[in-house]
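Worksheet: one structure, shown below.
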Amino acid sequence: MLEELKQEVCAANLRLVEYGLVVLTWGNVSAITPDRRYVVIKPSGVDYGSMRPEQMVVTDLDGRVVEGELRPSSDLMTHLELYRAFPAAGAVVHTHSRYAVALAQAEQDLPCYGTTHADTFYGPVPCTRHLTAQEVEEAYERNTGLVIGETFRRRGIDPAAVPAVLVCKHGPFAWGPDCKKAVENALILDETARMALLTRQLDPQVPPAPQYLLDKHYFRKHGANAYYGQR
C-alpha cells in the first residue's frame, strides 16, 4: 500500500544525505496521507546507502505498524504529534544538522538577521523549553512533539509561516506541505543558522533585520500578492 508515497519518503530521506544534513543514520523523513489516516516513515537505524522504498514503514496515527517488516523510526511519535498539532503539515523532517544543532544546544532561537532568512521564515525560528525529567522518562518522543506544539501556541507563531523549530539540547525539526518542501525547509534552516553564527562572529550585538524588510521578502514569496518566480 501507498507505494508512491513510500518512494517519495525514501527519496526525501536520501536527499538529506545529498544536502549534507545527516551523517550515519541521524535523521528521518515522514509523510502523511491526504486523508490523514496513515504515515509513511523511514525505518529505524537503516543505513542510507542501502535504503529502498519497500523498507519504508506505514503506521496509523496511534503509531501502530500497518505495513512493513522493520521498526519505524524512533522519532515516530514526535512526527505524529506534529501532524496533530499542525494540520497543514504534509511531511516532517528531523536531522542533527550541525549549525541548527549548535543553536539548539545553546538554547537559542534563530533570529532573522537578513533577507535569506526572511524569504522562508516569517520571524525567528523558536527554540523550545527543556523537557522535564518526567517528560523524558515517561514518553520522550511523544512529549518532544507536544513541547514543539506548546512552543508555537504559547508564542503565537504560525507553523505555516515558520515551518521549523529547534528542540532544546536536541536539534531541528522542519515540515512542509510535502516531502520536497519539508526537506527544503530543513536545508534552509541549517544554512540560515550557519549564516547567523558567522554574522554574530563579526558582530555579537548585531540586531535582527527590521520588520519592514522581513515583511517585504516574506510576502513577495508567500500569500495572495506574492510575485517571486513564475506563474
Given 3.5 Å as the limit, does a donor-acceptor pair link the side chain of Thr128 with the main chain of Cys168, or not? yes

Does Glu8 reach the main-chain N or O of Cys179 with its side chain, forming a donor-acceptor pair under 3.5 Å? no

Side chain to side chain contact (heavy atoms under 4.5 Å, CB included), that's the test. Do Asn143 and Leu146 meet it? Break it down for me. CA-CA 5 Å; Asn143 285 327; Leu146 290 173; 3.5 Å; yes

Would a single hydrophobic cluster contain both Leu187 and Leu14, if residues Ile, Leu, Val, Met, Phe, Trp and Tyr are joined by side-chain heavy-atom contacts under 4.5 Å? yes

Quick check on the hydrophobic clustering: are Met195 and Val125 connected, directly or via other members, by side-chain heavy-atom contacts under 4.5 Å? no

As an exercise, state the distance from CD of Gln105 to CD of Glu107, rounded to the nearest 0.5 Å. 10.0 Å

How many angstroms lie between OG1 in Thr120 and CD1 in Ile188, if you round to the nearest 0.5 Å? 3.5 Å

Under 6.0 Å from the CD atom of Gln134, do we count more than 12 heavy atoms belonging to anything else shown? no

Would you please classify the geometry between the Phe86 ring and the Trp175 ring as parallel, tilted or perpendicular, with 30° and 60° separating the classes? tilted

Under 4.5 Å between any side-chain heavy atoms of His170 and His96, yes or no? yes

Output yes when a side-chain donor or acceptor of His117 lies under 3.5 Å from a complementary backbone atom of Gly123, and no otherwise. yes

Checking Asp62 side chain against Arg64 main chain: does a donor-acceptor pair fall under 3.5 Å? no

Are more than 12 heavy atoms, taken from residues, nucleotides or ligands other than Lys180, located less than 6.0 Å from that residue's NZ atom? no

Checking Phe173 against Leu82 for the side chain to side chain contact (heavy atoms under 4.5 Å, CB included) test, could you report, in this order, the C-alpha distance in whole Å, the side-chain angles of both residues, the deciding distance, and whether it holds? CA-CA 10 Å; Phe173 284 81; Leu82 292 181; 4.1 Å; yes

Looking only at non-hydrogen atoms, find the nearest pair between Arg37 and Leu61 and report the distance. O-CD2, 3.2 Å

List the steps, then state whether side chain to side chain contact (heavy atoms under 4.5 Å, CB included) holds for Arg84 with Leu80. CA-CA 6 Å; Arg84 291 188 183 96; Leu80 297 182; 3.8 Å; yes

Beyond-backbone contact of Val101 with Pro172, side-chain heavy atoms, under 4.5 angstrom: yes

Minimum heavy-atom distance between Ala118 and Leu214, given as atom pair plus value: CB-CD1, 3.5 Å

Could you tell me if the side chain of Tyr19 sits less than 4.5 Å from the side chain of Glu191, heavy atoms only? no

Nearest atoms (heavy-atom pairs only) where Ile157 meets Pro126: CD1-CG, 3.7 Å

Using only atom types and a distance under 3.5 Å, with no angle test, would you say the side chain of Arg153 pairs donor to acceptor with the backbone of Ala85? no

Closest approach of Asp109 and Cys127, non-hydrogen atoms and distance? OD1-N, 2.8 Å

Within this structure, what is the OG1-NE2 distance for the pair Thr116 and His217, rounded to the nearest 0.5 Å? 8.5 Å

Would Val165 and Val147 show up in the same hydrophobic cluster when neighbours are defined by side-chain heavy atoms closer than 4.5 Å? no

Any heavy-atom pair between the side chains of Pro72 and Val65 that's under 4.5 Å? yes

Determine the minimum heavy-atom distance between Val23 and Arg98, stating which atoms define it. CG1-NH2, 4.2 Å

Test side chain to side chain contact (heavy atoms under 4.5 Å, CB included) on Leu189 and Tyr99; report intermediate values, then the result. CA-CA 9 Å; Leu189 174 63; Tyr99 300 100; over 6 Å; no

Are Phe152 and Leu166 grouped together when hydrophobic residues (ILVMFWY) are joined by side-chain heavy atoms under 4.5 angstrom apart? yes

Under 4.5 Å between any side-chain heavy atoms of Met51 and Cys10, yes or no? yes

Distance in Å, Thr33 OG1 paired with Tyr83 OH, rounded so as to fall on 0.5 Å steps: 9.5 Å

Would you say CZ of Arg220 has more than 12 non-hydrogen atoms from neighbouring residues, nucleotides or ligands within 6.0 angstrom? yes

Using side-chain heavy atoms (C-beta onward) and a distance below 4.5 Å, is Phe121 in contact with Pro163? yes

Over all atoms of both residues, closest heavy-atom pair of Ile41 and Ser30: CG1-CB, 3.7 Å

Ile148 and Met77: same hydrophobic cluster, using ILVMFWY side-chain contacts below 4.5 Å? yes

Where does the angle between the aromatic ring planes of Tyr218 and His222 fall among parallel (under 30°), tilted (30 to 60°) and perpendicular (over 60°)? parallel

What distance do Ile32 atom CD1 and Thr59 atom OG1 have between them, rounded to the nearest 0.5 Å? 8.5 Å

Taking 4.0 angstrom as the limit, do Glu18 and Arg15 come out as a salt bridge? no

Any side-chain heavy-atom pair of Met56 and Leu2 under 4.5 Å: no

Is Arg36 reaching over with its side chain to a backbone N or O of Pro87, donor-acceptor style, under 3.5 angstrom? yes

Pick out which of Asn13, Thr95, Thr78, Asp75 makes a side-chain hydrogen bond (donor to acceptor under 3.5 Å, both in side chains) with Asn28. Asp75

Flag if over 12 foreign heavy atoms under 6.0 Å of CG, Asn225: no

Presence of salt bridge, Lys181 and Glu184, under 4.0 angstrom: yes

Report yes if some heavy atom in the side chain of Leu5 is under 4.5 Å from a heavy atom in the side chain of Val58; otherwise report no. no

Approximate separation, where rounding is to 0.5 Å, of Leu76 CG and His94 NE2: 13.0 Å

Within the supplied structure, the quantity of interest is the number of heavy atoms (other residues, nucleotides, ligands) at a distance under 6.0 Å from Lys169 NZ; does it exceed 12? yes

